[in-house]
Amino acid sequence: MKVLGIDIGGSGIKAAIVNTKNGELLSERHRIDTPKPAEPKAIAEVIKEMVNFFDWKGPVGCCFPTIIVDNQCMHHGNLSEKWVGVKVDKLFKKECDGNKFYISNDADLAGYAEVELGAGKGVKGKVFVITLGTGIGSGLFYNGKLIPNVELGRIYHTNGEIIEKFAADSARKRENLSLKEWTKRVGIFLNHVKILHSPKLFIIGGGISKKFDKFKEHLIVDVPVEVAKFGNNAGIIGAAIYAGKKSKK
Ligand code: BGC
């Protein structure tokens, strides 16, 4: 099945048409900067622009960078506080004149792609897909099944801030950290998660995953760590697979 997958991030909104059987992108990947402030109306307009860009008439899967329960935003994450309580599927549908939208948390959907078709395929036990970008996203899977809205980036670090302020890729950029310094921080985070959850596997996604070969040697954690097979496209692909399945029900 062909589905339009959209990944709404803190800095960019990316989309492509996806073959949901094998995760292949069937179109170019189109990116538009996330509007600032990242308010509902402004983002809905970008979604409309995306749908028009692809001239898309079918279902749309959407990664959203906040807690999402039944298509509704429950926390603003790194977006505007105006998102809290918004039924994201309804808002986008209205803006786009009818396409049906299926919305879930970004890391949950990136994980969906990886567990269905990528680095987590067939892995039994707990698998965490960790996306390192503007924030830290975490998708938890147990025996291949998603346990939604696990928000590990919101754990508090001993410095009193949530850990994503310390270890997300945005912290590396903001504080001008070397890849090695930043990777040490990611290691502190993953070691803490290891104590809490004893996972079988960590899968690292997000834009920085393309540099995985450069930083993996500095990542010291006693759990296997793999890079997302679909890299930063995992969100787009997972969103499309998710919408494809939901639209058949
Ligand atoms: C949000 C998560 C999201 C992550 C990555 C965090 O700030 O709380 O819901 O998955 O950023 O976008």
Side-chain angles (χ1 to χ4, degrees), residues 5-15 31-40 43 46-47 61-89 102-115 120 127-141 146-157 159-174 182 185-186 189-190 192-193 196-197 202-209 228 230-239 242:
I6 305 183
D7 183 359
I8 300 174
S11 53
I13 299 179
K14 298 140 268 174
R31 183 187 187 282
I32 301 174
D33 280 348
T34 304
K36 300 271 177 310
E39 292 182 353
I43 291 196
V46 173
I47 297 303
C62 237
C63 283
F64 207 76
T66 72
I67 302 169
I68 296 285
V69 177
D70 298 334
N71 293 291
Q72 185 175 18
C73 176
M74 307 307 281
H75 185 266
H76 54 83
N78 291 302
L79 303 179
S80 149
E81 291 187 7
K82 292 189 180 160
W83 278 103
V84 179
V86 171
K87 298 216 174 199
V88 185
D89 58 335
Y102 300 88
I103 319 287
S104 268
N105 172 265
D106 53 359
D108 286 355
L109 290 183
Y112 209 61
E114 290 298 324
V115 165
V127 174
F128 277 107
V129 178
I130 304 288
T131 62
L132 301 162
T134 307
I136 293 183
S138 50
L140 170 59
F141 293 79
L146 172 68
I147 296 161
N149 291 310
V150 172
E151 288 275 320
L152 294 181
R154 304 244 150 213
I155 289 173
Y156 280 91
H157 180 46
N159 70 6
E161 283 188 327
I162 56 171
I163 201 138
E164 72 173 22
K165 296 270 179 281
F166 173 76
D169 193 36
S170 55
R172 179 183 67 88
K173 292 180 181 155
R174 192 175 55 242
W182 171 76
R185 294 187 178 193
V186 176
F189 168 60
L190 294 185
H192 189 54
V193 176
L196 296 177
H197 284 282
F202 285 118
I203 300 172
I204 303 295
I208 191 73
S209 62
F230 298 113
N232 206 19
N233 286 338
I236 295 175
I237 296 166
Y242 175 73

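All of these numbers come straight from a predicted model, not from anything done at the bench. Read the numbers this way: they start at 1 and go in the same order the structure lists the ligands and their atoms.
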Nearest atoms (heavy-atom pairs only) where Pro65 meets Ile8 | CD-O, 3.2 Å
Taking every heavy atom of Ile43 against every heavy atom of Ala38, the minimum-distance pair comes out as CD1-CB, 4.0 Å
Under the side-chain hydrogen bond (donor to acceptor under 3.5 Å, both in side chains) criterion, do Glu164 and Asn78 qualify, and how do the steps go?
-> CA-CA 11 Å; Glu164 72 173 22; Asn78 291 302; 3.2 Å; yes
In terms of the angle between their ring planes, are His157 and Phe166 parallel, tilted or perpendicular, with boundaries placed at 30° and 60°?
-> parallel
Every pair of nitrogen or oxygen atoms between ligand 1 and the protein that is under 3.5 angstrom apart - can you list them with their distances to 0.1 Å?
| residue | atom | partner | partner atom | Å |
| --- | --- | --- | --- | --- |
| ligand 1 | 7 (O) | Asn78 | ND2 | 3.3 |
| ligand 1 | 7 (O) | Arg154 | NH2 | 2.8 |
| ligand 1 | 7 (O) | Glu164 | OE1 | 2.9 |
| ligand 1 | 7 (O) | Glu164 | OE2 | 3.0 |
| ligand 1 | 8 (O) | Glu151 | OE1 | 2.5 |
| ligand 1 | 8 (O) | Arg154 | NE | 3.0 |
| ligand 1 | 9 (O) | Asn105 | ND2 | 3.0 |
| ligand 1 | 9 (O) | Glu151 | OE1 | 3.3 |
| ligand 1 | 9 (O) | Glu151 | OE2 | 2.6 |
| ligand 1 | 10 (O) | Asn105 | ND2 | 3.0 |
| ligand 1 | 10 (O) | Asp106 | OD1 | 2.6 |
| ligand 1 | 12 (O) | Asp106 | OD2 | 2.6 |

Of all heavy-atom pairs between Arg172 and Trp182, which one has the smallest distance, and what is that distance?
-> CB-CD1, 3.4 Å
What heavy-atom pair brings Thr134 and Ala168 nearest, and what distance separates the two atoms?
-> O-CB, 3.7 Å
